[in-house]
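Structure first, then comments.
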Amino acid sequence: MGNCQCQSNTKGSSIYLPEIARITRKKLMTDVDCFFEFEMEKRPLGHKYGQFVEISIPGIGEAPISISSAPSSSKKFEMVIRNVGELTSVIHGLNIGEAIGVRGPYGTTFPMDDLKGKSLLYITGGIGLVPARSAILHSLANRNDYKDITILFGCKDPSQRIFVDELSEWEKRPDVNFLETVDTAANSNWKGNVGVITTLMPKLQNVNPDNTVAIVVGPPIMYKFVIMSLHDMGFTDDHIVVSLERRMKCGVGKCGHCQINHIYVCQDGPVFYFSDIKDLKEAI
Amino acid sequence: MEILKISLSDFLAHVNKKIQAGDSKQVGVVPKGSHFVFGELDEAAQLCLDYDVTILPPKKYFQPQREVLVKYAPKDASSYAMVNDCENLTLIGVHPYDLVAIHLMDRAFSEGERDENYMAKRDCSVLIGLYPTRGFEHRFSASMIDPQMPYKVADLMLIKLDDNQLALEVVSKKGKAYLEGAAVAKSDLSEAFLAQARNKVKDSQAFPLGPDKSPAYFKEKYEHPVWEKLGEKCYSCGSCVFVCPTCYCFDVRDEVELSLASGERVRYWDGCMIESFAICAGDHNFRKERGARFRHRVFRKTVTLPEKYQVMGCVGCGRCAQACTADIAGPMKVIKTMKEMN
């Protein structure tokens with residue numbers, strides 16, 4: 001198509017063109033979840049807590065994945081990728097030094113700056129820990145900015161635990177209240193709590209809902225029950241922050257796949273104060 | 001705004017000159033069986049300036065059904081290269097409701113993250129509007145669009161005065177440039193006469209709510225049984241969204257040549273009425289009920305876009321009502337069914 005005068009093809013900008021990142025570390029965490037550290041080829045990713053990127057392999061496709069590391073000025077960033085489809089399966093098979101495509105970072109962030117001076121209650125389920133970890137690591141590295149820090153983590157069974165070394169570190173820290181549970185512990189030597197994540201919440205006697213903000217990230221089924229329990233504890237909706245999962249196909253607020261009524265989750269979310277979306281039908 | 005006159009034969013002669021010059025593709029409305037479509041003109045005589053509605057809206061020229069966004073060598077991420085194909089294009093005979101739809105698409109693709117693949121195609125286009133000369137049983141556009149809004153995107157507007165004469169409203173510099181060398185004359189027509197000529201065709205139905213009242217009205221009807229009642233007849237075929245001039249949702253897929261030497265990341269039309277549209281990883285479908293998908297589509301037109309742009313998201317073209325096999329898709333049908341149920 002040679003007759004065009006607009007020179008758009010030579011302008012060199014496209015919101016759909018991925019950049020390159022290479023695998024610098026890789027470690028299988030469960031039978032389906034693999035930890036990756038990537039290094040951007042040209043620039044630091046520059047992400048904030050709770051954001052995601054669109055990652056891709058040419059010829060396979062593209063998918064949104066949460067960033068798990070705390071914000072930093074380095075070109076490196078971390079993710080945990082669950083093997084649920086063709087793209088993630090191919091990425092699991094890549095070796096150190098191999099490249100993927102990256103677009104982003106996209107989306108809203110956990111409001112860590114606004115939360116300075118407050119107590120934090122992280123409630124994470126399964127790989128919901130992955131995006132929450134970007135905020136957890138930040139708050140632990142800047143421990144004096146926040147009052148009490150409580151971290152709850154729950155998963156289906158002991159084999160599904162991720163970041164196990166960090167979980168035991170958090171458990172040992174005197175300045176962190178860490179509680180963990182598994183839904184079922186059959187056929188394992190698990191000695192800890194058993195039950196869904198809401199069974200941990202009655203143990204939180206010292207949490208003051210007036211000066212604490214709950215950050216809730218987990219599978220879709222978890223939100224309703226956790227939020228009901230938070231209400232029972234006296235939390236108001238403007239003290240609850242959630243991160244929603246949707247099919248964020250383009251990441252730039254166009255393709256419509258992640259739309260919930262007037263909200264494009266990829267741009268207006270994924271992180272929301274619950275008070276801003278509680279009346280949004282289909283959200284939770 | 002400058003108003004000119006030109007005879008139909010002189011206008012067609014001018015279009016022929018443009019076709020022969022070959023520096024811009026001339027696209028117009030042409031008959032297809034008993035219907036009409038936008039298609040490339042080989043000669044101006046094919047152009048039809050008297051039609052009810054086209055099967056597909058002109059959005060296909062700015063957001064094609066299939067559009068390559070990125071090309072690459074498979075599995076080699078360092079080979080990613082952007083693709084942005086566009087060409088000079090003139091669209092002749094676009095009805096006002098379709099012009100308003102293009103205005104909405106322009107806003108969606110230019111605001112926030114700017115989509116250069118869409119915007120480049122728009123930048124390379126000249127839009128020649130045409131006031132309708134024929135009624136269409138499903139149309140209710142007069143109640144949906146602000147009559148000034150087509151002028152936000154039109155470069156020229158045609159008003160058919162009779163079988164041989166056209167009035168030409170010169171809206172933009174691009175429009176004026178298009179007319180260079182055409183046998184135009186100054187218009188001696190009064191504004192009153194032109195106003196009548198613009199509004200010769202009347203709709204047989206009107207949507208009762210504008211962009212100010214529609215969002216609140218429909219939000220109150222979120223739990224109304226109409227969504228399930230109409231939705232249960234839906235075949236989830238997607239016809240309503242594909243023919244809609246303001247639906248721009250898309251899917252992106254990777255396609256690799258059989259030789260595995262090269263591949264493309266391709267954008268295709270997609271729509272919220274298709275069952276798989278809102279499925280996430282792990283097969284969780286956030287809108288698996290037909291009624292919920294039906295409501296989502298109607299809400300996008302009557303709540304979401306009006307709240308965002310203060311313009312109705314439906315332009316009243318009537319294409320969805322005509323295309324829908326189950327006869328449920330038209331917004332007028334929703335209003336009528338709600339009334340019957342109350």
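Each chain gets a letter, A, B and so on, in the order its sequence line appears, and its residues count up from 1.
In this structure, A:Lys254 contributes its side chain and B:Ala108 its backbone to a donor-acceptor pair below 3.5 Å.
Residues of residues 212-227 of chain B lying within less than 4.5 angstrom of chain A, judged on heavy atoms, are B:Tyr222, B:Glu223 in numerical order.
Heavy-atom distances place no part of A:Cys258 under 4.5 Å from chain B, backbone and side chain included. For a residue to count as touching a neighbouring chain, one of its non-hydrogen atoms must lie under 4.5 Å from one of that chain's; by this rule B:Glu255 does not touch chain A. With a threshold of 4.5 angstrom between heavy atoms, B:Asp115 approaches chain A through its backbone and through its side chain. Proximity to chain A is absent for every atom of B:Ser125, based on heavy atoms less than 4.5 angstrom apart. Only the side chain of B:Val70 comes within contact range of chain A, judged by heavy atoms closer than 4.5 Å. For B:Ala292, the parts lying under 4.5 angstrom from a heavy atom of chain A are both the backbone and the side chain.
Taking both residues in full, the closest heavy atoms of B:Phe277 and A:His257 are given as O-ND1, 2.8 Å, listed atom of the first, atom of the second, then distance.
Between chain A and the options B:Glu111, B:Arg300, B:Glu307, the largest number of non-hydrogen pairs under 4.5 Å is found for B:Arg300. The candidate from B:Cys249, B:Pro74, B:Ala73 with the greatest count of non-hydrogen atom pairs under 4.5 Å with chain A is B:Cys249.
Annotation: side chain of A:Ser56 is in contact with side chain of B:Arg265 (closest heavy-atom distance under 4.5 Å). For the pair A:Glu41/B:Ser78, no side-chain contact is recorded, criterion being any heavy-atom separation below 4.5 Å from C-beta on.
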(request) Apply the test side-chain contact (heavy atoms from CB on, under 4.5 Å) to residues B:Lys75 and A:Ile60: give CA-CA distance (whole Å), side-chain angles for both, the deciding distance (0.1 Å), then the verdict. (result) CA-CA 8 Å; B:Lys75 306 233 169 141; A:Ile60 308 294; 4.1 Å; yes
(message) Under the criterion side-chain contact (heavy atoms from CB on, under 4.5 Å), I'd like the reasoning laid out for A:Lys249 against B:Asp251: C-alpha separation, chi angles, the key distance, then a yes or no.
(response) CA-CA 8 Å; A:Lys249 186 114 196 172; B:Asp251 190 23; 2.8 Å; yes
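Between A:Tyr16 and B:Phe250, the two ring planes are perpendicular [angle over 60°; tilted spans 30° to 60°].
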